[in-house]
K.L.:
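First, the structure itself, so that you have it in front of you.
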Amino acid sequence: MKRTRIITLLASDHALDNVLIKGWVKTRRDAKDFSFIEVNDGSCLQNIQVVADQGLANFEAIKKLSTGSAIAVEGIMRPSPGKGQKWEVHAASAVIISVAGDDYPLQKKRHTDEFLRTISHLRPRTNKYGAAFRIRSKLSYAIHRFFQERGFAYIHTPILTGSDCEGAGELFQVTALNLENPPKTAGKIDYSQDFFGRPANLTVSGQLEAEMFALALGDVYTFGPTFRAENSNTSRHAAEFWMVEPEMAFCDLSDDMDLAETFVRHLVTYALDHCREDLSLFAEFVDKTLMDTLETVATKSFIRVPYTEALAILNRSGQHFNFEVSFGTDLQTEHERYLAETHFKQPVIIYDYPRTLKPFYMRVNDDGKTVAAMDVIVPRIGEIIGGSQREERLDVLKGRMAETGVPPKDLWWYLDSRRFGSVPHSGFGLGFERLIMLVTGISNIRDVIPFPRTPGNIEF
RNA sequence: UCCCCAGUAGCUCAGUCGGCAGAGCAGGUGGCUGUUAACCACCGUGUCCGUGGUUCGAGUCCGCGCUGGGGAGCCA
């Protein structure tokens, strides 16, 4: 007999004569002649109540079942006379698959996120983390569906990269050399003897490679891990995180912003439509304002303000900021939060930033002072998307590389794309974990990725 | 990397003015009960983060370090 998932059983509109469930004991309560066992199999947030009575051959062993133990129960699913659940399974047989010892760290009570991080291998068994990772999976699927339905091709850009000039933070170097005793010439490490014959790193972005494919297949996207060796210790940064990077040919900044907005609103709507039960946990226990926030993101169009207009809003706000703003200064977290949380109270797209603040590949605007860049700022999280129209003019691009100190010879292939059939194109990067934070209300990035990597932390 | 806060039982925390180490939950035993984070009674639990110092005496005060959290920078 095949097991039926609990999510399927609970959705049934009629009793079932013979069912088999397999799962883990969440909690157990004893009554006079039987034991109530709450079983969860991870298919959904809810447990199913199993009623095990003294007619079972192994009833004495069943009564000793501890939280975390695994069982298989065969029996009849029928309406529950008790309050709190529609169905319950009366066990005709209950096989104990394995017993969790009394040192099982997860108790029938709420644990702190900090403690659960120390047992990342067990935390998906909790209600909260189970729900978070089911949502993460659903949204991954929604991302692929969103792009595939719109004719985008999924591109697997390399994880290992030879270019060290992608301009997005510190890199993790990758080597096959013996670090205890590396080969040297003239006192310097001889990378010609390394695996690739030159230094290599983990990618910080698939953008440059994705651009090559946008200029061939039209509309493309990437969805994969990226790595930053920044010594960042915040609730919004991880050394390994997942990024979604669409790239579109024949697309300007306005089209790019349109897609970014449609994308975020679509994903939030998808979560509201497909993750209701799991979201309800977060709305109740994690962030009471979650549903309002998600409804706002899903239904209201995003405000779009040029950088200079954002400065004007900040300067006439009467608000005290620790950092003053004027043209050429980067917006600090306090400014972004003021705009998204206090002034507009909804997602905001800020665009046309000073060229001095942005990397070489962003397209220079006609004013010569700004570039066609945009950031999507959402309440509570801050920047969730960063993107731009790319500089398609070869001479301007070369000028920008010189200006920002990027050596053209390392990116000869990138420059080639501007030499042969260059067209206006645009793209952006969405931080997948930040999206999950937005959707769940979870406030620390370490709690939305299965096994987080942060400075000094690579256990598991 | 910088600023601030914290570290006491398996977990969450209290510990006053420097004077014998505490509670709730979890766990164990027994009872009760179609139960709902069940309930009642009883029982056990400590490198007070580490290290050096001040003191008759340090969980408590001081220095250094480690770990965790919040904030900032960097960014997604």
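Computed from a predicted structure; not experimentally measured. In the text below, chain A, chain B and the rest are named by the order of the sequence lines, each starting its count at 1.
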K.L.:
Under the criterion of centre distance below 5.5 Å and interplanar angle below 30°, is Phe36(A) classified as stacked on the base of G34(B)?
P.N.:
no
K.L.:
Nearest of A38(B), U33(B), C74(B) to any side-chain atom of Lys108(A)?
P.N.:
A38(B)
K.L.:
Strictly below 4.0 Å: does Thr333(A) bring a side-chain N or O up to OP1 or OP2 of G73(B)?
P.N.:
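Yes, because at least one side-chain N or O of Thr333(A) sits under 4.0 Å from OP1 or OP2 of G73(B).
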K.L.:
For a quick check, tell me whether the side chain of Asp30(A) and the base of U35(B) share a donor-acceptor pair closer than 3.5 Å.
P.N.:
no
K.L.:
Of Asp330(A) and Thr112(A), whose closest RNA chain B nucleotide lies nearer the 5' terminus?
P.N.:
Thr112(A)
K.L.:
Below 3.5 Å is the cut-off: list the nitrogen or oxygen pairs between protein and nucleotides 3-8 of chain B, distance only.
P.N.:
none

K.L.:
What is the pairing partner of U1(B), taking Watson-Crick or G-U wobble pairs with both distances under 3.5 Å in any strand?
P.N.:
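WC or wobble partner is A72(B).
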K.L.:
Can you list everything that forms a salt bridge (charged side-chain N to carboxylate O under 4.0 Å, His left out) with Glu261(A)? Sequence neighbours excluded, please.
P.N.:
Arg265(A), Arg304(A)
K.L.:
Identify the nucleotide, in any strand shown, that forms a Watson-Crick or G-U wobble pair with C48(B), with both distances under 3.5 Å; if there is none, say none.
P.N.:
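By the stated definition (distances under 3.5 Å), nothing pairs with C48(B).
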K.L.:
Taking the side chain from Arg434(A) and the backbone from His237(A), do they hold a donor-acceptor pair closer than 3.5 Å?
P.N.:
no
K.L.:
Taking atom types as modelled, is there a side-chain donor on Asn444(A) or Asp113(A) under 3.5 Å from an acceptor on the other?
P.N.:
no
K.L.:
Is NZ or CZ of Lys369(A) both nearer than 6.0 Å to the six-membered ring centre of Phe327(A) and within 45° of the ring axis?
P.N.:
yes
K.L.:
Under 4.0 angstrom, heavy atoms only, what part of the nucleic acid is Gln49(A) near: base, sugar-phosphate, or nothing?
P.N.:
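Base, at least one base atom sits under 4.0 Å.
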K.L.:
Would you mind telling me which of U35(B), C74(B), C11(B) lies closest to the side-chain atoms of Gln107(A)?
P.N.:
C11(B)
K.L.:
Ring centres under 6.0 Å, that's the criterion: do Tyr154(A) and Tyr221(A) meet it?
P.N.:
yes
K.L.:
Could you check which residues of residues 76-89 of chain A get a heavy atom under 4.0 Å from RNA chain B? Sort them by number, please.
P.N.:
Ser80(A), Pro81(A), Gly82(A), Lys83(A), Gln85(A), Glu88(A)
K.L.:
Taking atom types as they are modelled, would you say the side chain of Ser232(A) forms a donor-acceptor pair with the base of C74(B) within the 3.5 Å cutoff?
P.N.:
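Side chain to base: pair found, below 3.5 Å.
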K.L.:
Please give, in whole Å, the distance from G28(B) P to Lys64(A) NZ?
P.N.:
10 Å
K.L.:
Below 6.0 angstrom between ring centroids: does that apply to Phe34(A) and Phe59(A)?
P.N.:
no
K.L.:
Looking at A6(B), which nucleotide sits across from it as a Watson-Crick or G-U wobble partner, both distances under 3.5 angstrom, or is there none?
P.N.:
U67(B)
K.L.:
Pick the nucleotide of RNA chain B nearest each of Arg28(A) and His111(A); which residue has the one closer to the 5' end?
P.N.:
His111(A)
K.L.:
Return yes if the base of C39(B) and the side-chain atoms of Arg29(A) contain a donor-acceptor N/O pair under 3.5 Å, otherwise no.
P.N.:
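No, the side chain and the base share no sub-3.5 Å donor-acceptor pair.
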K.L.:
Within the structure, does a side-chain N or O atom of Thr234(A) lie under 4.0 Å from either OP1 or OP2 of G71(B)?
P.N.:
no
K.L.:
Using a cut-off of less than 4.0 Å, is there contact between a side-chain N or O of Thr226(A) and OP1 or OP2 of C75(B)?
P.N.:
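It does not, given that no N or O in the side chain of Thr226(A) lies less than 4.0 Å from OP1 or OP2 of C75(B).
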